[in-house]
Amino acid sequence: MIKKIIEPLQLFLLLWVLWLSAGIVLYFIYPKGVLELKWNENHNLLFDYFFTFTTYLGNGFVYAIFVVTLLFIDRRKFLIGLTASLTCMLISVLMKQYFFRGEERPLTYFGDTVNIHLPDGAEKLLFGSFPSGHTLSAFSMFLLAAYFMKNKIAQFSFFCLAVIVGLSRIYLMAHFKEDVWTGSLLGVLISFSAVFIFQFYFPKQTENKPLIRLKR
């Protein structure tokens, strides 16, 4: 059963394991905030525009559009996406608002001790740092997209997009590296679990029609 889920995601999961390994190494090499400040000191206009735009790929609204689109494609995919997206939202809210409510974001953590660069229009966030909700949503959504498309080019492309969202949160000083890597871990686990539940408890039917059909 698990093998059927892993096979269409082999490349995505391999890259994700390498990404997690890199995160663990960086965690022990750089104390909290050091790597973030090093990158912030080397900001440039291209990165400002690029990451300000791409960070929205991890927005809950984008995930909602993705799930609604599945309504017109396949009812089973829609239900998997709906389950994963709602779980992501629940986990993110619980962790940010209850378990880690006072967790300081970089702007609050550093305060006036350093001069932090923020791109024009970037949101100034102060608390609720752990975990990165954008990264959680991005990895969850793009893993599902890779699973549904079932080809290596899609796996590689969607993984890169998820990583870009995570890096954007660090560049915009909205999160620390620990928040981003944890968000990616949760996002992958949530979507993988959603796919597993539907594979195990709701075997695939011979035909999965869309819940909504567009009239010709």
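Taking the side chain as every heavy atom from C-beta outward, L13 and V188 approach each other to under 4.5 Å. Counting heavy atoms from C-beta outward, M95 and L186 have side chains that approach closer than 4.5 Å. For the pair I29/V34, no side-chain contact is recorded, criterion being any heavy-atom separation below 4.5 Å from C-beta on. Put simply, the side chain of Y171 reaches to within 4.5 Å of the side chain of H43, judged on heavy atoms.
Using cut-offs of 30° and 60° on the angle between ring planes, the pair W19 and W181 is parallel.
Remark: W16 engages no residue in a side-chain hydrogen bond (donor to acceptor under 3.5 Å, both in side chains) (not counting sequence neighbours). In this view, T55 and S168, R169 satisfy the side-chain hydrogen bond (donor to acceptor under 3.5 Å, both in side chains) rule, not counting sequence neighbours. For I164, the side-chain contact (heavy atoms from CB on, under 4.5 Å) partners two or more places apart in sequence, or in a different chain, are F50, F51, T54. Residues meeting the side-chain contact (heavy atoms from CB on, under 4.5 Å) test with N44, sequence neighbours left out: L46, F47. Residues meeting the salt bridge (charged side-chain N to carboxylate O under 4.0 Å, His left out) test with E103, sequence neighbours left out: K32. Scanning for side-chain contact (heavy atoms from CB on, under 4.5 Å) contacts around Y49 gives L45, with sequence neighbours left out.
For residues 144-167, the set of pairs meeting the side chain to side chain donor-acceptor pair (under 3.5 Å) definition, not counting sequence neighbours, comprises Y147-Q199. Sequence neighbours left out, the pairs with a member in residues 88-110 that pass ring pair (Phe, Tyr, Trp, His ring centres under 6.0 Å) are F100-F130, Y109-F176.
R105 contributes a side-chain N or O that, together with a main-chain N or O of F127, makes up a donor-acceptor pair within less than 3.5 Å.
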Tabulate below the donor-acceptor pairs under 3.5 Å that side-chain atoms of residues 114-126 make, not counting sequence neighbours, or state none.
from : atom 1 : to  : atom 2 : distance (Å)
H117 : NE2    : D48 : OD1    : 3.2
H117 : NE2    : D48 : OD2    : 3.0

Could you tabulate the donor-acceptor pairs under 3.5 Å formed by side-chain atoms of residues 60-68, not counting sequence neighbours?
from : atom 1 : to   : atom 2 : distance (Å)
Y63  : OH     : S140 : OG     : 2.7

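The structure places NZ of K77 at 13.5 Å from CZ of F198, a figure rounded to the nearest 0.5 Å.
Shown here for F139 and A162, the closest heavy-atom pair between the two residues is CE1-O, 3.5 Å.
In this structure, I24 belongs to a hydrophobic cluster whose other members, linked by side-chain heavy atoms under 4.5 Å apart, are Y27, F28.
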